Every structure is written in structure tokens, then in C-alpha cells.
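Worksheet: one structure, shown below.
These numbers were taken from a predicted model, which means no experiment stands behind them.
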Amino acid sequence: MNDFEIEEVKKQAWEKLGICRKTGDVIGTQIFSILSIYARVIYYPLGEAAPWGFTRISGCRDDASLEKPFVAINTSIPVDCQVFAAAHELYHIWYEQKPDILPSDLLNEDGKESNEKKANRFAAEFLMDEGMLRQEINTYGTRTFDIKEVLQLAQLFVVPYRAMAKRLYEISVIDEKKMDALLSVSESEVDQYRKRYAIVVPNLDNRIYIDNLAELSVTAYEQGLITYEKLEYQLSICGLKPEDIGIAKQSINAFPSDEELDSIMEE
């Protein structure tokens, strides 16, 4: 990306932070709530090696009847990667209105198209605002930026280790040589360092959540539009059971037998 493109993406990210009233705030997992405003979202475990997510767009930017885009987030990947994927997809929704698939090597930009690099930079600017990042660095008195410190900052902002290492370079906290050294660490080594330094990533892996399917299903059941069995099936798609949301199966009174009717009539 050239300097003009970088400045443009910075302005776009700052504008959206203002619209979402999130300036001066660490976004983290709030990104999922923001994404739900602008898209219908399904969270589903697609597999660790599968794409991080994808976006489906109906119609075009100038279509007055344009429906909300459909976004899928792969919950088989760590939650920090899910956060970054959601912010990346928001760029495509807000500024491109084009379908997109997020490869499992999303953070490796070698050979990637310009729009994917812009979406990654937007996600970095949106999730790790320079002012907020510098503020946290000062708050914790961070002076050196080795693997431990990068992991701690990544945990605070709920972003991938590699995204944080690159972000520190983008805001001139570390030089390119240091960034390359941090990025040279393998994923298995990063995981080992997390355990060594007790770095915890929120446990949201493999969850299943399909937009507002659960809410709509319960409402339909309460209004008598679907059976209890249908409710069970639709909630099972979301990994839920009726009792999980306080709904018990109501017993159905059996119709009296002929003998019972005769007895009642004699009385």
C-alpha cells in the first residue's frame, strides 16, 4: 500500500469508530455486536484449516432493495482471529459491497490483492487505534517489545499475535527488523509462549450461533406457529435445547376413552 492509500484507510477507520461511538475504547469482542448491526451473521465451526470466514452480498451498492450482507465466521479458529476476521469483513461491507472469502493465511499478505491488504489495514486501525495502543503501552510502562510484551498487548486488544506485531511496526514503535524477528516465530511456538506467560484467549471456540434464529423460533413457538418438536429441531441448529432458554415441554391431555365418556354421561 502507498502512503495515500494508508491515509485513506486511516480516515475510514477513524470515521467508523466515531459513527459506532467507539473512539477511545478497546473494541475487542465488541466487534461481533457491531458486525451484527450491518450483517446477518452465522458463527459456525468450519475447521481449523478452513477459511476464517466469508461474506455474501445480495444486489449491488446502488440497489435500493439491498438486503443485509450475510457473513460467516469460522469458530474453529481462536477468538482473536475471529475478531480480526469480523473487522476485515466490515471493510468489505462498508466500502466495497463485494463477496469475500478469508483464507486461513489471512495475515500473510504476500501475493494478496490490494483490497485485501486495505481490509487488513482497516481491521488493524479499527481494532488497535494508534492513540489507544500508545495509551495502553504507557499505562503498563512497556519499554521492550519482545514476544511476551506483544502477546500481552494482543491479549488486551483481543487480536492475533502477528497482527499486533505488525501494528507496532505500523505506528513506529518497533522497526522492521524487530517486526520480522517477531513474525518469524512459528504458530506452535507462539502457543507455547502463551502457556509460558499465562496469556489467556477468551474461550468462544466452536460456538454455533445463527443470527436471530433462536429468537425467531421461540417467538413462533410462543405464538403457536410451530410445534415443540419443530422448536427443538431449530434450536438444535444453534446448539441449544428448549430447556436452555426456559421452555419446558407441556404435557398434552389425552382425549377420554369411550368408557370414560360413557361414565361421564351417566353422571
>> Side chains of Ile137 and Leu153, heavy atoms from C-beta outward: is any pair under 4.5 Å?
In response: yes

> Do Arg56 and Asp100 meet the salt-bridge criterion of a basic N to acidic O distance under 4.0 Å?
Replying inline: no

>> Return the CG to CG distance between Leu107 and Leu102, rounded to the nearest 0.5 Å.
In response: 10.0 Å

>> Please determine whether residues Val26 and Ile19 belong to a single hydrophobic cluster, defined as Ile, Leu, Val, Met, Phe, Trp and Tyr linked transitively by side-chain heavy-atom distances below 4.5 Å.
In response: yes

> Does Gln82 reach the side chain of Asn74, with side-chain heavy atoms less than 4.5 Å apart?
Replying inline: no

> Rounded to the nearest 0.5 Å, what separation is found between the CG atom of Leu35 and the NE2 atom of His88?
Replying inline: 12.0 Å

>> Give me the atom names and distance for the closest heavy-atom approach of Asp25 to Met132.
In response: N-SD, 3.8 Å

> Is Phe54 reachable from Tyr44 through a run of hydrophobic residues whose side-chain heavy atoms are each under 4.5 Å from the next?
Replying inline: yes

>> Within this structure, what is the NZ-CG distance for the pair Lys22 and Asp129, rounded to the nearest 0.5 Å?
In response: 13.5 Å

>> How close do Ser104 and Ala50 get, counting heavy atoms only, and between which atoms?
In response: CB-O, 3.7 Å

> Passes side chain to side chain contact (heavy atoms under 4.5 Å, CB included), Ile34 versus Phe126? Steps please.
Replying inline: CA-CA 12 Å; Ile34 297 172; Phe126 195 82; 4.1 Å; yes

> Looking at side-chain heavy atoms only, is the closest gap between Leu133 and Ile171 below 4.5 Å?
Replying inline: yes

> Given the rule in the side chain to side chain contact (heavy atoms under 4.5 Å, CB included) test, do Lys117 and Asn120 qualify, once you have shown the distances and angles that lead to the verdict?
Replying inline: CA-CA 5 Å; Lys117 294 179 180 180; Asn120 271 357; 5.7 Å; no

> So with a 6.0 Å cut-off around CD of Glu5, is the heavy-atom count from everything else above 12?
Replying inline: yes

> Heavy atoms, side chains only, cut-off 4.5 Å: are Leu46 and Ile73 in contact?
Replying inline: no

> Taking all non-hydrogen atoms of both residues, which atom of Val159 and which atom of Asp80 are closest, and how far apart?
Replying inline: C-CB, 3.4 Å

> Can Glu125 and Lys11 be counted as an ion pair, charged N to O under 4.0 angstrom?
Replying inline: no

>> I'd like to check the side-chain contact (heavy atoms from CB on, under 4.5 Å) partners of Gln12; sequence neighbours left out, ordered by chain and number.
In response: Glu8, Val9, Tyr91, Tyr95, Phe122

>> I'd like to know whether CG of Asp3 has more than 12 heavy-atom contacts from other residues, nucleotides or ligands below 6.0 angstrom.
In response: no

>> Please check: side-chain N/O of Asp244 versus main-chain N/O of Leu240, any donor-acceptor pairing under 3.5 Å?
In response: no

>> Hydrophobic clustering (ILVMFWY, side-chain heavy atoms < 4.5 Å, transitive) - are Tyr140 and Ile199 grouped together?
In response: yes

>> ring pair (Phe, Tyr, Trp, His ring centres under 6.0 Å) for Tyr43 and Phe32? Distances and angles first, verdict last.
In response: CA-CA 10 Å; Tyr43 297 92; Phe32 301 132; 5.5 Å; yes

> Are side-chain N/O atoms of Glu189 and Ser186 paired as donor and acceptor at under 3.5 Å?
Replying inline: yes

>> Hydrophobic cluster membership, with links at side-chain heavy-atom distances under 4.5 Å among I/L/V/M/F/W/Y: are Val200 and Val79 in one?
In response: no

> In terms of hydrophobic clusters joined by side-chain contacts under 4.5 Å, are Val71 and Ile237 together?
Replying inline: no

>> Between Ile147 and Val185, does the side chain to side chain contact (heavy atoms under 4.5 Å, CB included) criterion hold? Intermediate values first, please.
In response: CA-CA 9 Å; Ile147 294 173; Val185 182; 3.6 Å; yes

>> Counting C-beta onward and ignoring hydrogens, is there a side-chain heavy-atom pair between Met179 and Leu168 closer than 4.5 Å?
In response: no

>> Taking Ser36's backbone N and O only, do any of them form a donor-acceptor pair with Lys68's side chain (distance below 3.5 Å, no angle check)?
In response: yes

> How are the rings of Tyr193 and Tyr197 set to each other: parallel, tilted or perpendicular (split at 30° and 60°)?
Replying inline: parallel

>> What I'd like to find out is whether the side chain of Phe157 reaches to under 4.5 Å of the side chain of Leu127, using heavy atoms alone.
In response: no

>> Let me confirm one number: the CD-OG1 distance from Gln223 to Thr219, rounded to the nearest 0.5 Å.
In response: 6.5 Å

> Given Phe84 and Leu106, is the side chain to side chain contact (heavy atoms under 4.5 Å, CB included) satisfied, shown in steps?
Replying inline: CA-CA 10 Å; Phe84 197 87; Leu106 178 67; 3.9 Å; yes

> What distance do Lys241 atom NZ and Glu232 atom CD have between them, rounded to the nearest 0.5 Å?
Replying inline: 9.5 Å

> Would you say Glu113 has more than 12 foreign heavy atoms packed within less than 6.0 Å of its CD?
Replying inline: no

>> Quiz question: by atom type and distance under 3.5 Å, do the side chains of Thr55 and Glu89 form a donor-acceptor pair?
In response: yes

> When you look at OH of Tyr169, are more than 12 heavy atoms from neighbouring residues, nucleotides or ligands closer to it than 6.0 Å?
Replying inline: no

> Within a radius of less than 6.0 Å around OH of Tyr228, do more than 12 heavy atoms belonging to other residues, nucleotides or ligands occur?
Replying inline: yes

>> Listing request: all side chain to side chain donor-acceptor pair (under 3.5 Å) pairs with a residue in residues 152-166, at least two apart in sequence or in separate chains.
In response: Glu109-Lys166, Arg162-Glu187

>> Would you say that Pro103 contacts Pro51 through its side chain, given a criterion of any heavy-atom pair below 4.5 Å between the two side chains?
In response: no

> Can Arg167 and Glu130 be counted as an ion pair, charged N to O under 4.0 angstrom?
Replying inline: no

> Looking at Gln234 and Leu213, what are the two nearest heavy atoms and their distance?
Replying inline: O-CD2, 3.8 Å

> Which pair of non-hydrogen atoms, one from Ile31 and one from Ala87, has the smallest distance, and what is that distance?
Replying inline: CG1-N, 3.9 Å

> If you draw a 6.0 Å radius around CG in Leu216, do more than 12 non-hydrogen atoms from other residues or ligands fall strictly inside?
Replying inline: yes

> When you check the gap from the basic side-chain N to the acidic O, do Glu170 and Arg121 get nearer than 4.0 Å?
Replying inline: yes

> Taking side chain as C-beta onward, heavy atoms only, is Leu151 less than 4.5 Å from Met164?
Replying inline: no

>> Quick check for you: to the nearest 0.5 Å, what is the distance between Leu225 atom CG and Leu231 atom CG?
In response: 12.0 Å

> Of all heavy-atom pairs between Val150 and Ala165, which one has the smallest distance, and what is that distance?
Replying inline: CG1-N, 3.9 Å

> Is the backbone N or O of Tyr221 less than 3.5 Å from a side-chain atom of Lys230, with the two atoms forming a donor-acceptor pair by type?
Replying inline: no

